[in-house]
**Student:** 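Below is the structure I would like to discuss, written out as C-alpha cells.
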Amino acid sequence: MKARPLHGWDLAPQEAMALQARLRARVERADRVGAVRRVAGVDVGFEADGRVTRAAVAVLDHPGLALVEQAVVRVPTRFPYVPGLLSFREAPAALAAFARLRTAPDLILYDGHGVAHPRRFGIASHIGLLLDCPSIGVAKTRLVGVHRAPANRRGAWTPLRAAPIDGDGTGADETIGAVLRTRAGVKPLYVSIGHRVSLESALRWTLACTTRYRLPETTRQAHRLASGR
DNA sequence: GCGACAG
DNA sequence: ATCTTGTCGC
C-alpha cells in the first residue's frame, strides 16, 4: 500500500509544525471504517546509536489476531526526536514498511498519539491521512492533556481533555482522547482518534486487539519485529 | 525564567 | 527510544 504524496519530508522543525497545522483540517474524526479483517500494528526502533531507523508493520487478522503478514525496513535516521514532531522522525520509515505489504490493512494501530497532540496531528493521524486508512493512536504515556485515573478494571476509561478542568469540574474543554485501562493492575493507555475513526470506535478496537497484556497484540507483534526478535 | 515533553 | 541490574509476578 502506497502513501499519497501530499508533501515532502525534508523540512525544518518550523516548517514541519506549519505543515501539521495545515493538514490537521483534513483529519476525519467520524467513523468511515469498512469491514475490518486485517489490523496493522506499527512500531519503530533504532540501531547504531540512533543512526538507523528500523520500522515494522505487523498485520493481524480479526478477530483471530493471528499474524498474517509482516514488513520490516531499515533506513537512515534523518530527523531528531522532538516532542510533537515524531512523524518527521518515524513516518518515512513506517511508510516504507507499508509500501512493502501485499495487502492493505483495514485499520492501523500506531504506537503514538493521534489527535491528542499539540496541533491535533500526531503520527497516528499523519499516517492514517497519507495512507487514506482508518487509524488509532495508542500511546503508553501522555503528551498533552489532563485526566483522572480510570477505574482499575479492564475497559474502564476517562476522557483526556485539552486543558485543565475548572476548579468545580464543570469546564467544557475539548476531549482529545481517552485514558483506557486494558487490564486491571497495569498503567492505562492513551487512546486517540487517528483518522476516519470515532473515539468510541477507537476504544472498542483497541480493546478488541488487547487480550491478555497491557498493549494490543498488534503493537506487541510490531515491537517484536522492530526490535529484531 | 522554569517546567513539560509520544518515541 | 536505548542502556542495564535487580526484583516481582504469573
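So you know, we letter chains A, B, ... as the sequences are listed, proteins then strands, and number each from 1.
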**Student:** Would you please name every residue forming a side-chain contact (heavy atoms from CB on, under 4.5 Å) with A/Lys187, sequence neighbours left out?
**Tutor:**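 A/Thr141, A/Arg214.
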**Student:** Below 4.0 angstrom, N of the basic side chain to O of the carboxylate: do A/Asp43 and A/Arg224 qualify?
**Tutor:**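 Looking at A/Arg224 together with A/Asp43, the answer is no, because their closest N to O distance does not fall below 4.0 Å.
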**Student:** Sequence neighbours left out, what pairs pass ring pair (Phe, Tyr, Trp, His ring centres under 6.0 Å) with at least one residue falling in residues 88-107 of chain A?
**Tutor:**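 As it turns out, the ring pair (Phe, Tyr, Trp, His ring centres under 6.0 Å) pairs with a partner in residues 88-107 of chain A, which skip direct neighbours, are A/Trp9-A/Phe88, A/Phe79-A/Phe88, A/Phe88-A/His126.
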**Student:** Taking atom types as modelled, is there a side-chain donor on A/Asp111 or A/Thr219 under 3.5 Å from an acceptor on the other?
**Tutor:**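 Side-chain D/A pair, A/Asp111 to A/Thr219: absent.
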**Student:** List the residues meeting salt bridge (charged side-chain N to carboxylate O under 4.0 Å, His left out) with A/Arg181, not counting sequence neighbours, and say none if there are none.
**Tutor:**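 In terms of salt bridge (charged side-chain N to carboxylate O under 4.0 Å, His left out), with neighbours along the sequence ignored, A/Arg181 is linked to no residue.
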**Student:** Do A/Leu189 and A/Pro216 make a side-chain contact, defined as non-hydrogen atoms from C-beta onward lying under 4.5 Å apart?
**Tutor:**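 A side-chain contact exists here, since the closest heavy-atom pair is under 4.5 Å.
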**Student:** Name all pairs fulfilling the ring pair (Phe, Tyr, Trp, His ring centres under 6.0 Å) condition that reach into residues 197-229 of chain A, sequence neighbours left out, sorted by first residue then second.
**Tutor:**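 Sorted result for residues 197-229 of chain A: A/His62-A/Trp205.
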**Student:** Sequence neighbours left out, what pairs pass side-chain hydrogen bond (donor to acceptor under 3.5 Å, both in side chains) with at least one residue falling in residues 89-109 of chain A?
**Tutor:**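 Passing the test, one end in residues 89-109 of chain A: A/Glu90-A/Tyr110.
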**Student:** Any ring pair (Phe, Tyr, Trp, His ring centres under 6.0 Å) involving residues 10-38 of chain A? Give me the pairs, sequence neighbours left out, ordered by first then second residue.
**Tutor:**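 Listed by first then second residue: nothing to list.
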**Student:** Does this structure show an ion pair linking A/Glu174 with A/Arg29, if we count only N-O contacts that are shorter than 4.0 Å?
**Tutor:**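 Between A/Arg29 and A/Glu174 there is a salt bridge, with a charged N closer than 4.0 Å to a carboxylate O.
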**Student:** For DNA chain B, what dot-bracket results from Watson-Crick or G-U pairs at under 3.5 Å, with [ ] for crossers and | for inter-strand partners?
**Tutor:** .......
**Student:** Look up atom OG1 in A/Thr206 and atom CG in A/Leu107, then write down how far apart they are to the nearest 0.5 Å.
**Tutor:**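 Here the interatomic distance stands at 8.0 Å.
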**Student:** Just the atom pairs and distances: protein N or O near nucleotides 4-7 of chain B's N or O, under 3.5 Å.
**Tutor:**
residue, atom, partner, partner atom, Å
B/dC5, OP1, A/Arg142, NH2, 2.6
B/dA6, OP2, A/Tyr81, OH, 2.4
B/dA6, O4', A/His113, ND1, 3.2
B/dA6, N7, A/Gly84, N, 3.1
B/dA6, N6, A/Gly84, O, 3.1
B/dA6, N6, A/Leu85, N, 3.4
B/dA6, N6, A/Leu86, N, 3.2
B/dA6, N6, A/His117, NE2, 3.3
B/dA6, N1, A/Ile123, N, 3.2
B/dA6, N3, A/His113, N, 3.1
B/dG7, OP1, A/Lys140, N, 2.8
B/dG7, OP2, A/Thr141, OG1, 2.8

**Student:** Among residues 180-190 of chain A, which residues get a heavy atom nearer than 4.0 Å to DNA chain B?
**Tutor:**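 Under 4.0 Å from DNA chain B: no residue of residues 180-190 of chain A.
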**Student:** Do the charged groups of A/Glu217 and A/Arg212 touch, with an N to O distance under 4.0 Å?
**Tutor:**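 Salt bridge: no.
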**Student:** Just the endpoints, please: which first and last nucleotides of DNA chain C, 5' to 3', lie under 4.0 Å from a heavy atom of chain A?
**Tutor:**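 Terminal contacting nucleotides, 5' to 3': C/dA1 to C/dT2.
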**Student:** How does DNA chain C read in dot-bracket, base by base from 5' to 3', with Watson-Crick or G-U pairs under 3.5 Å and | used when the partner is on another strand?
**Tutor:** ..........
**Student:** For A/Ala96, give me all partners under side-chain contact (heavy atoms from CB on, under 4.5 Å), at least two apart in sequence or on another chain.
**Tutor:**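 A/Val73.
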**Student:** Counting only N and O atoms by type, is there a donor-acceptor contact under 3.5 Å from the side chain of A/Arg196 to the main-chain atoms of A/Asp132?
**Tutor:**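 Answer holds: yes.
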**Student:** Is it the case that the side chain of A/Arg204 and the backbone of A/Leu207 share a donor-acceptor pair, with hydrogens and angles ignored and the cut-off at 3.5 Å?
**Tutor:**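 The answer is no, because no donor-acceptor pair under 3.5 Å joins these two groups.
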